[in-house]
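What follows is a single structure, written as structure tokens, with notes after it.
All values below come from the heavy atoms of this structure, side chains included, with hydrogens, waters and symmetry mates left out. Only a predicted model underlies this, so the values are computations on that prediction, with no experimental measurement involved.
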Amino acid sequence: VTQYSGKFISQKTRPYTGTDREICQYEIVVRNNVRSIVAGLPVTRDGDFLINRQFRIPLGRYVFENTAGLVDEWETLEEAMVRELAEETGYYSDTLHHVAQVPTSSWLTDELVDCFILLNAVKSGESKPENSESIETFLVKDDEMDEWFLKESQAGNLIDPKVMMLVSYYRRWIKDTIHITDIIEK
């Protein structure tokens, strides 16, 4: 049952059966007219990470995040990811690895995000974020990433957990199995 509906989000109640077998109502937030969401960790030819810093109004603070955005109705997930990479960073990648679909906040919303690693990212132009976005992109070396996380956290900045998840996935499953130089030669 919809309690509130705005331009971008709605608040609804969803029935569920409680542990006492009574029907209960759970309040959730739902995005309006969104097909899907993508987020990705770009990795350059040198093995460096591109991390975005953006002021998030609901939190009133800066958040370090992956490149991310909404999927337009005519796009595949991969096309949307490549478009968002160009818009937010001015980089391009044609080597995408789908990692997982993850919830953003499973206790509040039904929203899911498809997460990617974008290899062989190269500068291809200027970033062109949307008018509502104020994005600063940082290039962080892999061997400096852990110290960078700590420094930014201690400075009071928030780091989206999807950044850490994708860095960990890259280090565990991709870095040692796919060599960036092999991709460049293709």
Side-chain angles (χ1 to χ4, degrees), residues 6-11 28-32 34 36-72 77 80-93 96-97 99-119 121-172 175:
K7 183 175 180 181
F8 298 106
I9 62 168
S10 295
Q11 179 205 346
I28 65 169
V29 176
V30 177
R31 279 194 186 258
N32 297 332
V34 172
S36 194
I37 303 168
V38 292
L41 175 70
V43 183
T44 68
R45 288 180 174 178
D46 294 328
D48 301 332
F49 303 118
L50 295 172
I51 309 294
N52 291 342
R53 179 177 175 238
Q54 191 167 184
F55 188 81
R56 291 301 189 176
I57 293 167
L59 297 170
R61 295 169 70 180
Y62 283 97
V63 179
F64 285 96
E65 307 171 322
N66 295 298
T67 297
L70 305 177
V71 179
D72 291 329
L77 297 175
M81 190 71 259
V82 170
R83 176 183 50 76
E84 288 291 343
L85 178 63
E87 286 177 7
E88 293 185 2
T89 68
Y91 277 72
Y92 173 78
S93 171
L96 284 70
H97 292 270
V99 174
Q101 187 178 65
V102 299
T104 57
S105 184
S106 60
W107 58 272
L108 177 66
T109 179
D110 63 354
E111 181 175 84
L112 299 172
V113 178
D114 283 280
C115 295
F116 291 86
I117 303 284
L118 298 91
L119 295 175
V122 294
K123 188 74 171 166
S124 61
E126 293 300 313
S127 63
K128 297 175 184 158
E130 294 178 20
N131 189 40
S132 62
E133 298 175 318
S134 176
I135 298 172
E136 184 178 4
T137 301
F138 291 79
L139 192 65
V140 183
K141 296 190 174 304
D142 184 14
D143 62 356
E144 298 172 3
M145 182 59 92
D146 297 334
E147 288 178 25
W148 182 85
F149 276 145
L150 182 61
K151 179 187 80 154
E152 293 301 337
S153 290
Q154 290 173 342
N157 293 307
L158 298 173
I159 301 171
D160 187 298
K162 290 183 292 299
V163 173
M164 294 179 269
M165 177 197 78
L166 290 172
V167 167
S168 177
Y169 184 94
Y170 170 78
R171 288 174 170 169
R172 173 65 175 96
K175 182 179 178 181

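Side-chain atoms of Met165 and Val102, non-hydrogen and from C-beta on, do get closer than 4.5 Å to each other. Side-chain contact check for Ile51 versus Val163: some heavy-atom pair is nearer than 4.5 Å. Counting heavy atoms from C-beta on, the side chains of Ile117 and Leu166 come closer than 4.5 Å. Put simply, the side chain of Asp110 reaches to within 4.5 Å of the side chain of Val30, judged on heavy atoms. Looking only at side-chain heavy atoms (C-beta outward), Leu41 and Phe49 come within less than 4.5 Å of each other. The shortest side-chain heavy-atom distance between Met145 and Val140 falls under the 4.5 Å cut-off.
Heavy atoms only, all atoms of each residue included: Tyr170 and Gly47 are closest at OH-CA, 4.4 Å. Across Ser124 and Tyr91, no two heavy atoms sit closer than the pair OG-C, 3.6 Å. Nearest heavy atom pair, residue Leu77 against residue Val38, reads O-CG1, 3.7 Å. Residues Leu85 and Thr89 share a closest heavy-atom pair of O-OG1, 2.5 Å. Between Thr137 and Glu88, the shortest heavy-atom distance links the atoms OG1-O, 3.5 Å. Residues Ala39 and Lys162 share a closest heavy-atom pair of CB-CE, 4.4 Å.
Distance alone, capped at 3.5 Å, places no donor-acceptor pair between the Thr67 side chain and the Glu84 backbone. Between the side chain of Ser93 and the main chain of Leu119, a donor-acceptor pair closer than 3.5 Å is present. With hydrogens and angles disregarded, no donor-acceptor distance shorter than 3.5 Å links the side chain of Ser168 to the backbone of Met164. A distance-only check finds no donor-acceptor pair linking the side chain of Arg45 to the backbone of Ala121 [under 3.5 Å]. Formation of a donor-acceptor pair under 3.5 Å by the Thr44 side chain with backbone atoms of Asp48 is found in this model. Formation of a donor-acceptor pair under 3.5 Å by the Glu133 side chain with backbone atoms of Glu130 is found in this model.
Under 3.5 Å, the side chains of Asp114 and Gln101 contain a donor-acceptor pair of N or O atoms. Under 3.5 Å, the side chains of Thr104 and Glu111 contain a donor-acceptor pair of N or O atoms.
Remark: Arg56 does not engage Asp160 in a salt bridge, criterion side-chain N to carboxylate O under 4.0 Å. Arg83 has a carboxylate O that lies under 4.0 Å from a charged side-chain N of Asp72, or vice versa, which qualifies the two as a salt bridge. Residues Glu136 and Arg53 are paired through a salt bridge, judged by an N-O separation under 4.0 Å between the basic side chain and the carboxylate.
Counting heavy atoms of neighbouring residues, nucleotides and ligands inside a 6.0 Å radius, atom NZ of Lys128 does not exceed 12 of them. When the shell of 6.0 Å around CD1 of Ile57 is examined, it contains 12 or fewer heavy atoms from other residues, nucleotides or ligands.
Rounded to the nearest 0.5 angstrom, Asn32 CG and Lys7 NZ are separated by 11.0 Å. For the atom pair Glu87 CD and Ser127 OG, the distance stands at 10.0 Å (nearest 0.5 Å). The OG atom of Ser36 sits 9.0 Å away from the CG atom of Leu70 when rounded to the nearest 0.5 Å. With values rounded to the nearest 0.5 angstrom, Glu144 atom CD is found 9.5 Å from Leu139 atom CG. The distance from atom CD of Glu65 to atom CD1 of Ile159, rounded to the nearest 0.5 Å, is 11.5 Å. Rounded to the nearest 0.5 Å, atoms CZ (Arg61) and CZ (Phe55) are 10.0 Å apart.
Between Phe64 and Phe149, the distance separating the two ring centers is not shorter than 6.0 angstrom.
Aromatic ring pairs are classed by plane angle as parallel below 30°, tilted from 30° to 60° and perpendicular above 60°; the pair Trp148 and Phe138 is tilted.
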